[in-house]
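Notes for the one structure printed next.
Counting convention: from 1, in listed order, for ligands and their atoms alike. Nothing here was measured: the structure is a model prediction, and the numbers come from that model.
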Amino acid sequence: MRTRQFASLLVAILATVGVLAQQQSFQTDPSVAKLRQHISYLASDALEGRRTGSAGANNAAHYIAGEFSRLGLRPAVQPSNTRKLSEAMSRYLQTFPYVAGVQLGKGNALSFNQASGAAPVSLGVGHSWMPLGFSANGRVDRTATVFVGFGITSAELNYNDYQAADVAGKVAIALSGTPDGDNPHGRFARYEEVRWKAIAARNAGARALIVVAREESFHDDRLSTLRYDNSAGDAGIIVLALSRQAARKLLDFATDKPLSDLEEQMAKHGDTKLVTHPVKSLDVSIAADVTRREVPAYNVVGVLDGSDPVLKNETIVIGAHYDHLGRGGEGSLAPRSGEIHHGADDNASGVAGVLELARLFTGQRPRPKRTIVFITFSGEEEGLLGSSYYVNSPLVSLANTVAMINMDMIGRMKDRKLIIGGVGTAKEWRDIIGSGNFLQGVNVTATRGTSNAQQGDGTRGGSAGFPMVVSANGRSIVTTDSAKSFDLTLQEDGYGPSDHSSFYSKQIPVLFFWTGNHEDYHKPSDTADKINYDDEARVLSLVARIVRDVDSGAKRPSYTVAKSESAGRSTGFRVYLGTIPNYADTNDGLLLDGVRDDSPAAIAGVKAGDRIMKIAGRVVHNVYDYTYALGEMKAGQEYVIEVLRGTERLTLKITPAARKP
Ligand SMILES: [Zn+2]
């Protein structure tokens, strides 16, 4: 037990007795049976992993809305014309647009002119070539092609495939992979993704990039399947994959041998700076047409109005995301895709928590003073899309939202270890958490009425722990059992990899509850039978205590700027700026949700809400361009950064810091 907890001991005991006296009707504990019921359904095969925009996710939303309705929460949304759901249910759903995937449009064409001057050769889309999901739409007519090796540029590795190739206004042809071959730990591993190759080609002035497939049979190549990478913004140029058979013709090779020779030769020379490309290539015409398939996605929102005539205008948000990874794909850590990712801990556990807390708080008498808004978010796994949408289109005033409590993965507690993030976002959090955790181990025996008073936990004699307060007849009234408290890890930062981050970016105090990582994270094996239900119920009783503590206070928690602990954590890049990108935004540039305190970006004068348009001489259309530019920057060197603030374009100077290893 820590010193801090000793100091608050007496206060805590008095508070316990006080709470007991005040809230006679709040003696229901979170129900293990109900948690099991919710998680078993949400993580069942029937919901197919709840990928945002899928039928499984929508069925989960329907289930949650049904529970909210049954508990008597007020729907927060005006009726909409949501199909497939009854109108009563749809009033709990906040709809936001979501790109569920991409598909081929009707206007795709690729042809090249033969060296002999014979008629152009047309290639069938899907058979010989495929635009990539992030390709820009558009066309190039009879344009010269230039072979660019692997199409990689790296300032860090002092490697540049474009050094000897003039591609301005032309079409670049690149091989798949890197000079390291398939080595996932090679020096070039970071540059293998076609996203990066596309940026290199665009930076060099190319109008399109053609990537030669790696597999002999085009259908076996991963680039031959049109895939959406769940991120905003296209590459800014046409990008397509080409079958090896077609590539041989385009590079004017009669047989396969020269193409594989070329790949071998390129790999061998990969460590030298200058690579020459003695390759004939022909003019091409390309039309690329990729359409985005937009579907609605839903946050589920239910309101418990406060009972205090004044404080009911203030709101506490309790949230958790209900979407997961479906059958794999982007975000999955499974060796192969296709299997249902059940997401029992991530995050059926948090949703069950929201539902249980909604049940407890709707049953509390007297009712909470402040309004409590229960929200389950969608689109979290794709980049906090639902919570980001909510904070930009709130259903209850954000200015009066006094705290946001987020639960993400609270079902796999080991050794009573609990992580709480966001403790630096309000002055009061450490004290509230400290006494809440202490009370987890405190058992109060109600001694009103007869001397045969029952123990709170059902045991007899009141000796299950260290006696703290003893009554005149020798009976223990208050006992404490430190083994029942959690072993807490408190983290200051209000930003993080879950939905509380969206609220913190709007200057709202947040807390984030998490029982830690495990081997089933983001795999099909995250199943309901592995949940530690008893400990999840205890976590929820702590969360309930904390919410009650916030609710009973006369003053709202005082927002503070938290120290950022993840600053400098290695993400593969050498420099650190301290920017928090908004992943939901689809407009040009990079919108920032936040800027870390004292970071290079903050020092430069960059602010939350700014849109980065250019950095270090590179135009920024999306987060990929931005990341690529970061990779080219050096710590300690000054660069120009251009941001859009409202309608004003500002030019600032920024000096990146070195990342800690
Ligand atoms: Zn997740």
Side-chain angles (χ1 to χ4, degrees), residues 38-39 42-44 47-54 56-57 60-61 64 98 100 228-231 297-300 319-335 337-354 375-390 404-414 418-422 491 493 495-504 510-528 530-532 536 539 566 569 571 580-584 593:
H38 296 317
I39 295 174
L42 293 168
S44 66
L47 296 194
E48 289 191 286
R50 313 183 305 278
R51 176 67 88 168
T52 303
S54 72
I64 297 160
Y98 172 72
Y228 179 58
D229 62 4
N230 287 307
S231 61
Y298 309 104
N299 293 326
V300 191
H321 77 89
Y322 70 89
D323 65 298
H324 193 52
L325 301 172
R327 289 178 177 266
E330 198 77 16
S332 169
L333 296 176
S337 71
E339 281 176 65
I340 295 172
H341 288 52
H342 296 87
D345 185 35
D346 186 8
N347 184 28
S349 68
V351 174
V354 169
I375 313 181
T376 63
F377 302 103
S378 194
E380 191 272 350
E381 303 284 11
E382 275 91 8
L384 318 184
L385 304 182
S387 56
S388 181
Y389 185 84
Y390 179 86
M404 192 275 176
I405 310 290
N406 183 32
M407 295 171 286
D408 194 353
M409 299 174 63
I410 55 166
R412 295 288 286 265
M413 179 168 278
K414 277 193 289 263
L418 178 64
I419 300 157
I420 306 181
Q491 298 176 340
D493 206 345
Y495 291 118
S498 189
D499 296 306
H500 57 286
S501 205
S502 300
F503 287 78
Y504 181 59
V510 297
L511 285 179
F512 165 45
F513 291 83
W514 180 36
T515 50
N517 218 335
H518 48 77
E519 62 285 359
D520 301 305
Y521 172 71
H522 278 201
K523 292 182 188 157
S525 53
D526 177 6
T527 48
K530 297 195 178 115
I531 296 293
N532 177 347
E536 174 164 350
V539 170
S566 56
R569 190 181 54 197
T571 52
I580 315 285
N582 178 310
Y583 292 98
D593 265 352

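Taking backbone and side chain together, H321 holds no N, O or S atom under 2.8 Å from the Zn ion (ligand 1). Counting backbone and side-chain atoms alike, E380 contributes no N/O/S atom closer than 2.8 Å to the Zn ion (ligand 1).
Using cut-offs of 30° and 60° on the angle between ring planes, the pair H341 and H324 is tilted.
Qualifying ring-ring contact (aromatic ring centres under 6.0 Å, His included) partners for H321, counting only residues two or more places apart in sequence or in other chains: none. Applying the side chain to side chain contact (heavy atoms under 4.5 Å, CB included) criterion to D520, with sequence neighbours excluded, gives R412, H518, S525, D526, K530.
Note that CG of D408 is 13.0 Å distant from CZ of F513, once rounded to the nearest 0.5 Å.
D346 contributes atom OD2 as its closest N/O/S atom to the Zn ion (ligand 1).
H522 contributes NE2 and E381 contributes OE2; the angle these two atoms make at the Zn ion (ligand 1) is 100°, rounded to 10°.
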